[in-house]
Amino acid sequence: RASTARGIANRQTQNRSIHVAGNKDWIKFKLTSSRKVVLTTGPRRGYRGGDTQMWLYGPNNSLRLVTGGYNDNYGGSQWSRIAINSLRAGTYYVQVREKGNNARIPGYTFKAVFSSVPSVAPGMVLIPGGTNAGSDPDFGAYSRTVTSFYMDKYEVRKSLWDTVKS
């Protein structure tokens, strides 16, 4: 339950565990201004690996999933990572669980990093990140995660690019 969430500070790494199969681990943090946020789970020294899933909820609501606020296997591992380029001020809640929700994770780490929101040139729009998973008849099952990024809202033709580039 989100009411049991333990707080985490910027750039802090916490040692955590899921002691009982089916339990969920809750973490919360508060932003006083818009920030870029990166949340990661990872291995904990002295403990066997785990397979996490992670959800980010808020602001000020432990039931509203943030756009781009879910991740399973990141970077070819079974750990999770959520990166959001701009979260507004408020209290946020993170839920971590073992992937099948049917096993323990005796030890893992959770890290939170909050940094300044990158400045954005006029005319740029935020494209929210997310995960796409599915199956392809030629390549089998896949899961791809893209972090949020900015893109110009106007098309740029090659002739204009050639002029600008010169």
Side-chain angles (χ1 to χ4, degrees), residues 2 5 8-14 24-43 49-100 108-166:
I8 192 165
N10 187 24
R11 301 195 184 284
Q12 182 181 14
T13 300
Q14 293 180 347
K24 297 169 180 72
D25 208 357
W26 285 91
I27 302 107
K28 71 179 175 181
F29 60 91
K30 184 173 184 171
L31 300 177
T32 56
S33 62
S34 291
R35 306 301 265 173
K36 177 179 180 179
V37 173
V38 179
L39 309 168
T40 55
T41 62
D51 189 356
T52 59
Q53 290 178 298
M54 182 167 42
W55 291 263
L56 174 62
Y57 299 93
N60 308 318
N61 183 332
S62 63
L63 301 175
R64 181 181 21 206
L65 186 65
V66 170
T67 301
Y70 168 78
N71 186 257
D72 188 9
N73 306 334
Y74 170 75
S77 76
Q78 294 183 329
W79 300 109
S80 304
R81 180 179 188 266
I82 294 174
I84 307 288
N85 278 335
S86 182
L87 280 183
R88 66 181 187 208
T91 300
Y92 290 85
Y93 299 87
V94 181
Q95 181 191 103
V96 177
R97 74 173 197 183
E98 187 274 332
K99 182 171 182 171
Y108 73 95
T109 60
F110 182 87
K111 184 174 184 177
V113 176
F114 319 135
S115 55
S116 300
V117 174
S119 59
V120 179
M124 301 295 277
V125 294
L126 179 65
I127 308 299
T131 299
N132 180 320
S135 181
D136 181 278
D138 295 324
F139 300 104
Y142 66 88
S143 176
R144 298 292 180 263
T145 300
V146 175
T147 58
S148 301
F149 61 93
Y150 289 92
M151 179 182 283
D152 198 306
K153 66 180 176 179
Y154 301 105
E155 179 181 346
V156 177
R157 294 192 195 123
K158 183 166 181 345
S159 59
L160 176 57
W161 173 248
D162 289 342
T163 304
V164 170
K165 189 173 94 174
S166 305

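All values below come from the heavy atoms of this structure, side chains included, with hydrogens, waters and symmetry mates left out. What you are looking at is a predicted structure, and each value in this text was computed from that prediction instead of being measured.
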Set out, in order, the CA-CA distance, both residues' side-chain angles and the distance that settles side chain to side chain donor-acceptor pair (under 3.5 Å) for Asn71 and Thr145, then state yes or no. CA-CA 8 Å; Asn71 186 257; Thr145 300; 3.3 Å; yes
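Distance check: Thr41 OG1 to Lys111 NZ gives 13.0 Å after rounding to the nearest 0.5 Å. Remark: Asn61 CG to Tyr92 OH distance equals 11.0 Å, nearest 0.5 Å. Atom CE of Met151 and atom CE of Met124 lie 8.5 Å apart (nearest 0.5 Å). To the nearest 0.5 Å, atoms CG (Asp138) and OG (Ser135) are separated by 10.0 Å. Between the CD atom of Glu155 and the CG atom of Leu160 there is a distance of 10.5 Å, given to the nearest 0.5 Å. The distance from atom CZ of Phe114 to atom NZ of Lys30, rounded to the nearest 0.5 Å, is 12.5 Å.
Not one N or O on the side chain of Asn132 forms a donor-acceptor pair closer than 3.5 Å with the backbone of Arg144.
By the 4.5 Å heavy-atom criterion applied to side chains, Leu56 and Leu87 are counted as neighbours. Taking the side chain as every heavy atom from C-beta outward, Tyr108 and Asp25 approach each other to under 4.5 Å. Contact annotation: the side chain of Trp79 never approaches that of Tyr74 to less than 4.5 Å [non-hydrogen atoms, C-beta and beyond]. Side-chain atoms of Ile82 and Val66, non-hydrogen and from C-beta on, never get closer than 4.5 Å to each other. Two residues are said to be in side-chain contact when any heavy atoms from C-beta on lie closer than 4.5 Å; Arg35 and Ser116 meet this criterion.
Closest approach of Leu39 and Ala112 over heavy atoms only: CD2-CB, 3.7 Å. What you find for Lys24 and Arg97 is that their closest heavy atoms are CG-CB, 4.1 Å. Taking all atoms of both residues into account, the shortest heavy-atom contact from Thr52 to Asp72 is O-OD1, 3.2 Å. Residues Leu63 and Tyr57 approach most closely at C-CD2, 3.7 Å, considering heavy atoms. The shortest heavy-atom contact between Gln78 and Asp51 is O-OD1, 3.1 Å. A pairwise comparison of heavy atoms in Ser33 and Ala89 identifies N-CB, 3.8 Å as the closest pair.
Counting non-hydrogen atoms of neighbouring residues, nucleotides and ligands closer than 6.0 angstrom, the OH atom of Tyr142 exceeds 12 such neighbours. Within 6.0 Å of atom CZ in Arg88, 12 or fewer heavy atoms from other residues, nucleotides or ligands are found, so the atom counts as exposed in its surroundings.
In this model, no donor atom of one side chain and acceptor atom of the other lie less than 3.5 Å apart for Thr13 and Thr109.
Under the 6.0 Å cut-off for aromatic ring centres, Tyr70 and Trp55 qualify, their centroids lying closer than that.
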